[in-house]
Protein chains: 2
Amino acid sequence: MKNRIPELRAERAWTQADLAQRVSVSRQTINAIEKGKFDPSLPVAFRLAKVFNLTIEELFIDDQ
Amino acid sequence: MKNRIPELRAERAWTQADLAQRVSVSRQTINAIEKGKFDPSLPVAFRLAKVFNLTIEELFIDDQ
DNA sequence: CCTCGATGTCAAGCACACTTGACATCGAGG
DNA sequence: CCTCGATGTCAAGTGTGCTTGACATCGAGG
C-alpha cells in the first residue's frame with residue numbers, strides 16, 4: 001500500500017506535525033505511514049483523504 | 001463506520017463464508033465487520049470494495 | 001421431529017495500529 | 001560554529017484487527 005501523502009503534504013507546506021494534528025494522530029504515526037512502516041486504519045485513511053480533498057482510492061495505491 | 005456489506009452480499013446471494021473466501025479473511029471477520037464490532041484494515045477494505053465493484057467511499061460510511 | 005447450512009458469538013492468541021517519550025541527524029539561518 | 005525546526009527512528013505499552021476452534025441458535029426441508 002503506497003500513498004501520495006509526502007508530495008501532497010509538501011505542496012501545502014505542512015510539516016508532519018501539522019498533518020498529524022489535522023487528522024488527530026501522533027507525528028510518529030504520520031511518519032510511519034509516509035515511510036510505509038504500516039497502513040493506516042480505515043478511519044485514519046478517511047480523515048487523511050478528507051484533509052487532502054481526495055478519495056481514499058486517489059490517496060492510497062493498493063499494490064496488492 | 002457503517003457499511004453496505006449485508007445488503008450487497010444478499011443481492012449476490014453470497015454467504016458470509018463465500019465473501020470471506022473472496023477477500024481472504026475468516027468468516028468470523030466478515031461477521032464482525034457486518035455487525036460493526038470493528039472496522040476492517042485498509043487492505044481488507046480495498047479487497048471488499050473490489051469484490052463489490054464499488055469505491056471504499058461507496059461501501060463504507062464514515063459517521064465520524 | 002430431525003437434520004443441516006447459515007449466522008451469531010465467545011475465548012485465547014498473534015500481529016499490527018497507534019501512543020508517549022526520548023534521542024539522533026540534517027539543513028537553513030543567525 | 002551554533003542553534004533550531006523538521007524528520008527519522010527506537011522502545012515499551014495499549015488497544016484493535018484477525019485468526020482458529022468451539023458451540024448455540026435459527027429457519028428451511030426432509
Side-chain angles (χ1 to χ4, degrees):
Chain A
M1 190 80 62
K2 292 189 173 179
N3 68 74
R4 297 176 46 206
I5 295 175
E7 50 174 301
L8 294 162
R9 186 171 62 75
E11 279 177 12
R12 287 157 179 77
W14 292 344
T15 65
Q16 291 181 346
D18 289 338
L19 178 56
Q21 195 168 3
R22 283 172 193 268
V23 296
S24 302
V25 296
S26 68
R27 181 184 66 83
Q28 289 86 334
T29 293
I30 295 297
N31 187 290
I33 293 169
E34 285 194 359
K35 289 282 160 186
K37 296 266 176 81
F38 53 69
D39 298 320
S41 68
L42 192 53
V44 171
F46 263 92
R47 279 182 260 143
L48 283 165
K50 200 168 212 173
V51 300
F52 289 123
N53 281 310
L54 293 176
T55 63
I56 291 183
E57 282 81 1
E58 288 167 339
L59 184 54
F60 298 93
I61 295 102
D62 184 26
D63 47 1
Q64 77 258 6
Chain B
M1 188 80 63
K2 292 187 174 180
N3 68 76
R4 297 175 46 208
I5 295 175
E7 48 175 304
L8 294 163
R9 185 171 61 74
E11 280 177 12
R12 288 159 178 76
W14 292 344
T15 66
Q16 292 182 345
D18 288 339
L19 178 55
Q21 196 169 1
R22 284 173 193 266
V23 297
S24 303
V25 296
S26 68
R27 180 184 68 82
Q28 289 87 333
T29 293
I30 295 296
N31 187 289
I33 294 170
E34 285 194 0
K35 289 283 159 185
K37 297 265 175 84
F38 53 70
D39 298 320
S41 67
L42 191 54
V44 171
F46 263 93
R47 278 181 260 144
L48 282 165
K50 200 168 212 172
V51 300
F52 289 123
N53 281 309
L54 293 175
T55 63
I56 291 182
E57 283 81 1
E58 288 167 339
L59 184 54
F60 297 93
I61 295 102
D62 184 26
D63 46 4
Q64 69 262 11

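Quick note on labels: first sequence line is chain A, next is B, and so on, each numbered from 1. Excluded from the calculations below are hydrogen atoms, water molecules and symmetry mates; all remaining heavy atoms, backbone and side chain alike, are included.
Using a distance-only test at 3.5 Å, with no hydrogens or angles considered, a donor-acceptor pair links the side chain of Asp18(B) to the main chain of Thr15(B). Here the side chain of Arg47(A) pairs a donor or acceptor atom with the backbone of Val23(A) at under 3.5 angstrom. Between the Asp63(B) side chain and the Met1(B) main chain, a donor and an acceptor come within less than 3.5 Å of each other. With Glu57(A) contributing its side chain and Ile56(B) its backbone, the two residues share a donor-acceptor pair below 3.5 Å.
Annotation for Thr55(B) and Ala49(B): closest pair C-CB, 3.9 Å, computed over non-hydrogen atoms.
Residue contacts for Ser41(B): at a heavy-atom cut-off of 4.0 Å it reaches the sugar-phosphate backbone alone, with no base atom in range. Among the heavy atoms of the strands lying under 4.0 Å from Ser26(A) is at least one base atom, whether or not backbone atoms are also near.
The side chain of Val25(A) approaches dC18(C) more closely than any other nucleotide in the set dC18(C), dT7(D), dC18(D).
For the atom pair Phe60(A) CZ and Asp39(A) CG, the distance stands at 8.0 Å (nearest 0.5 Å).
Contact check, Asn31(A) against dG8(D): a side-chain N or O comes under 4.0 Å of OP1 or OP2. For dA6(D), neither phosphate oxygen OP1 nor OP2 lies less than 4.0 angstrom from any side-chain nitrogen or oxygen of Arg9(A).
With DNA chain C read from its 5' end, the first of the two nearest nucleotides for Gln16(B) and Ile30(A) is the one closest to Gln16(B). Of the residues near DNA chain C, Pro43(B) and Thr15(B), the one whose nearest nucleotide (by heavy atom distance) lies more toward the 5' end is Thr15(B).
Interface residues of residues 45-53 of chain B facing DNA chain C, ordered by number: none; criterion, heavy-atom separation under 4.0 Å.
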- Starting at the 5' end of DNA chain D, write a dot or bracket for each base, bracketing those in Watson-Crick or G-U wobble pairs whose two distances are under 3.5 Å and using | for partners on another strand. ||||||||||||||||||||||||||||||

- Item | Check against salt bridge (Lys or Arg N to Asp or Glu O under 4.0 Å), Arg9(B) and Glu34(B) | CA-CA 10 Å; Arg9(B) 185 171 61 74; Glu34(B) 285 194 0; 2.5 Å; yes

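Side-chain atoms of Gln28(B) come within donor-acceptor range of the base of dG21(D), with a qualifying N/O pair under 3.5 Å.
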